[in-house]
Amino acid sequence: MSDARPPSGSPRPAPEHIPRPHHPRPTPPDGSRRAAAPAAPAAGATGHRRAGAAGHRRAATPAAGAPGRVTPATTGTANPPEGNRNRRARLVKVVAFCAATAAGSMLLLRGNEALDRLASPVTPDSRATAPAAPADAPDPGRVLQVIAHPDDDLYFMNPDLRYSISAGLPVTSVYLTSGEADGINAGSAKLATTKPDKPAYAEARQNGIRAAYAKMATGDRGSAWKRTVVPTKGGGHAEVDVLVAKPQVNLVWLQLREAGNVYADVPDSLHGLWDGKVPRLESMLASGSPVKQRFAYTKEQVVQTLAGILEQYKPTTIRSQDPTPGRHPDTKRYTDHQDHFYGARFVQLATAAYAKDVKDRPHFAVQNYLGYFNGSLPSALDPDEAKEKLDILGTYAWLDQQNHCGSDAGCGDLKVADHPAGNRWSDSINYARGTSTSWLASDEEHGLWAFNVLDGQVAVWHRPGPIGRWSGPHLLPGTGMDPGVSTVTLTDGRIAAFGTRTSFGAKPADYRREVVYAVQQAPGSEEFGEWQSLGTPETADEDWTSDISAPAVSVDGAGGLAAYVRDGAYTLRGRVRQADGSWGPWEKYGGSDLHGTPATGTDGAGRRMVFSATSRTVVGWLQPKPGAPLGPATATGLPDTTLPLTAEGREGGVRLWFRKPGSGNVRTALMTGDGGLKVNNLTDLGGLKGFGSVTASGHVLAGRAAGGQLGSEVGQGRPWGRSPLMFVGAPSSTMTGRNLVSLAVVGLDARLYVTSSADAPDAYLAPWQPVGPRNSGP
C-alpha cells in the first residue's frame with residue numbers, strides 16, 4: 001500500500017555470500033488426534049463434479065472447533081465421547097461397505113501415521129543438526145512473500161501471513177521498495193508542518209513492520225531483531241532482519257525507489273524500469289539501515305536478485321501481489337498501485353528463472369492477492385478476523401507514538417495512523433487467482449486425477465482405479481502457467497484441463513495472457529496433448545488490460561464444451577467448441593460489474609448455467625436448451641456475496657455455494673431453469689468463519705476456516721470440523737463412483753493431500769494422505 005508512496009525493501013544475498021536463512025524446522029499446527037475409525041478408504045483425492053451428483057445439503061449447526069484441533073467431523077480422536085459410540089457402531093457398517101467399494105486400508109494407515117507426525121510437536125533446531133524426517137512425513141512448508149511496499153503484506157496478505165507465523169512456519173517477507181513517498185511521516189494534522197525526510201520516513205516504515213511482525217510472532221512489538229547486510233546476486237546489498245525470539249521469521253529489504261504516485265508515469269520506478277524508460281533504478285536507503293553503500297539495478301539485475309533470494313530460501317509457497325489488475329472503465333486507470341503490479345511482474349520473471357535454472361530445489365506454488373480493489377468489494381472477513389488484522393495495522397501505524405524502538409525517525413507509519421483500515425482493506429482478503437474448486441477429476445474406473453500449478457507448470461497426480469498407487473506430481477510440458485486449473489470430463493470420457501498462461505515478449509508491451517487447455521489422449525491415459533490456445537478476449541496489455549479471470553468450463557447435454565471468462569471490462573465472454581472440433585469466436589454475453597471467476601454447471605435437463613459475483617449480488621445466464629446459445633444476463637436477486645462461487649449440477653438444477661460477507665458463513669441456493677432462472681431455498685449453512693472458495697460434493701462441504709486450516713462439514717446437522725492442514729489456493733472435491741466423496745488440498749509445502757468419506761449418514765473424513773515424495777528440498 002502507499003498513498004502514492006510504496007514501502008521499502010532490500011536486496012538479497014548471493015548464495016555464496018549469504019548465511020543460511022534463519023529457519024529452523026517449525027512446529028506444525030497442533031492437531032490433537034485420535035485413532036480414526038476408518039470411515040472410508042483413504043483412497044482419495046477428488047474429481048470433477050458432475051451434474052446430478054447426489055447429496056442435497058441442509059443447514060448445518062456451526063460448531064467452531066479449537067484452532068488446529070481435529071474434530072470428529074474431520075478424522076476422529078482416541079477416546080470419543082460416550083454419545084458417539086452408537087454413531088461409531090453405525091460407522092463400522094459404512095466402513096465395511098466402503099472397503100468393498102474402494103478398499104484402501106493400507107493407505108488409511110499410512111495417512112494416519114503421516115498426520116500423527118504432522119500434529120506432533122517438533123523441537124526447532126538448526127538445519128545442520130536437525131534429524132532427517134521420514135520420507136513420507138509432511139513438511140509444513142516454507143513461505144516467501146514479495147511485496148512492493150512495507151504494509152502491502154499487512155493490508156492485502158493478512159490474515160494468511162498471521163496464520164503462517166502463528167503455525168510456526170518459516171516466513172520470509174521481501175520488500176522491493178523503501179516506500180519513501182514524499183518523506184513526510186505525519187498524519188493530516190501535521191502534514192504541512194513536518195519536514196520531508198525520505199530516508200527517515202523509510203526507516204519509520206521499517207520500524208513499523210518489524211514491530212508488527214514481532215507482535216504477530218511473539219506478542220511483543222519490541223521483540224529484538226538481528227540486522228545484517230548481505231550482497232545480492234544483482235550486485236547490490238540487502239538488509240536481512242532475523243527475529244531473535246523466532247528466527248524462522250525473516251525480513252529482506254531491497255530498498256529500491258518507489259514510484260511516489262499511484263498512476264502517474266514516473267520513469268524512476270519499477271514501471272519505468274520494466275518499460276525501459278530508465279536503464280537502472282536507484283536505491284533509496286533508509287536511515288538507520290546497516291546498508292550504507294548505494295547501488296542501482298537494471299531490469300535483469302532485479303530479476304537476478306529475486307531469483308537469488310528464492311534460491312537461498314527455497315520456498316514451497318510464494319506469495320505475490322496481482323500482476324494484472326483491471327482498469328476503471330471510466331478513467332481507464334489501473335485499479336491498483338503501479339508498484340504493486342509491476343513488482344508482481346518482476347516476481348513472475350524471477351520465479352520463471354528460478355524454476356528453469358535451479359534444479360536442486362523443492363516444488364513451489366504461487367498465490368496472488370488482490371490489492372486496492374478489495375475496498376470496493378463485500379467484506380470477506382468476519383468481525384473477529386478483521387479486528388485482529390486492524391490491530392496489527394495499528395501496531396504498524398504507531399498509534400500510541402511511544403518511542404519503543406529508540407529511533408528518531410519514528411517507530412511506525414504515521415501517514416496511515418489517521419485511517420489504519422485503509423479503504424476498508426482491513427475487512428477483506430481476496431485471491432486474484434487460484435480460486436477454482438474443480439481441479440480434481442474422477443474417471444469412469446473410479447481413478448482420481450489432480451491438477452495444480454507447481455513451478456509455473458501444470459502438475460498432475462494420478463491414482464488408477466479405487467485402490468491404485470498414486471503417482472506424481474508429473475509436470476506437463478509448457479511454462480508460464482498462472483495459478484488455478486479447472487477440469488471437465490468430455491463426453492468420450494477424456495479429461496480436459498483449462499487455465500491461463502502468461503508470456504513475456506521482447507518488448508514490455510508483449511506481456512500477454514491467454515486461455516489454454518490440454519486434453520487427455522485417451523480415457524485413463526497419463527499422456528496429455530500439447531497446450532492449445534483459445535487466445536484472449538482482450539486487446540494488448542499496453543492498450544487496455546490483460547485482466548481476464550481463469551476460465552470456467554462445462555459440457556452441456558448436447559456434448560457442447562464451453563469456456564467462460566470475466567474480461568477486463570467486467571463482462572462475461574465465452575467460446576464454444578463446434579461439432580467439428582473447432583472453436584467459435586469470443587462471444588459477448590454482457591453483464592456488468594462482474595468480479596472474480598465465473599462458475600458454471602449443467603442442470604438435469606442438460607442446460608448450462610453460468611454465474612458471476614458482482615459487488616452487490618450474483619448474475620446468471622441460462623441456456624434455453626442443450627446446444628443453444630447462452631441466454632441474456634439475468635439478475636438472480638441473491639444477496640451480496642464474497643467473490644468465489646462454486647456451482648454443481650444436482651437436484652435437477654445447479655446448486656451454488658458462496659460466503660456471506662462479514663461473516664465467513666457458507667450459504668447455498670438451488671438455481672433452476674424452468675420458466676427462467678430462479679433461486680430456491682437460500683440457506684445459511686454456518687461454518688468456521690474463514691474466507692475464500694468452498695468445495696461441495698455429495699454430503700461433504702469444505703473450505704478455509706479462520707486460522708487458515710481446512711474446515712469441513714460432513715452431513716446435515718453435523719458440527720463443522722477443523723483439520724490441521726494449511727493449504728494454498730482452494731480445496732477441491734468430487735464423487736468417486738456413487739458412494740464415495742474424495743477431497744484434496746495442496747499444502748503450503750506444495751504437496752498434494754487427499755482424504756475421503758463414505759457418502760452416507762454419520763460418515764467421517766478418513767485421515768489425510770500425503771501424495772508423492774516429501775517436498776523438502778535439500
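Position 1 is the first residue of the sequence, and the numbers go up from there.
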Any donor-acceptor N or O pair under 3.5 Å, side chains Y369, D160: yes

Stacked cation flag R704 on F691, 6.0 angstrom / 45 deg: yes

Heavy-atom donor-acceptor pair, K389 side chain to N158 backbone, under 3.5 Å: yes

Flag, side chain of D382 to backbone of E385, donor-acceptor distance under 3.5 Å: yes

Between S379 and R424, a side-chain donor and acceptor under 3.5 Å: yes

Partners passing side-chain hydrogen bond (donor to acceptor under 3.5 Å, both in side chains) against S426 (at least two apart in sequence or in another chain): none

side-chain hydrogen bond (donor to acceptor under 3.5 Å, both in side chains) involving T500 - partner list, sequence neighbours excluded: D482, R513

Under 3.5 Å donor-acceptor, Q145 side chain and S173 backbone: no

Any pair counted as ring-ring contact (aromatic ring centres under 6.0 Å, His included), so long as it reaches residues 614-644, sequence neighbours left out: none

Stepwise side-chain contact (heavy atoms from CB on, under 4.5 Å) test for V746 and W439: CA-CA 11 Å; V746 172; W439 50 266; 4.1 Å; yes

Within 6.0 Å of NZ in K625, more than 12 heavy atoms from elsewhere: no

Pair R280-T298, side chain to side chain donor-acceptor pair (under 3.5 Å): steps then yes or no: CA-CA 4 Å; R280 290 178 177 80; T298 64; over 6 Å; no

Residues that Q532 engages under side-chain hydrogen bond (donor to acceptor under 3.5 Å, both in side chains), provided they are two or more places apart: Y517

Q367 side-chain N/O to Y431 backbone N/O, donor-acceptor pair under 3.5 Å: no

Listed partners of T634 passing side-chain hydrogen bond (donor to acceptor under 3.5 Å, both in side chains), at least two apart: none

Steps toward salt bridge (Lys or Arg N to Asp or Glu O under 4.0 Å) verdict (D455, K356): CA-CA 9 Å; D455 311 346; K356 176 177 179 290; over 6 Å; no

Ring centre gap for F341 and Y334 strictly below 6.0 Å: yes

Residue list, ring-ring contact (aromatic ring centres under 6.0 Å, His included) with Y511, at least two apart or on another chain: F504

Side-chain donor-acceptor contact under 3.5 Å, S554 with T600: yes

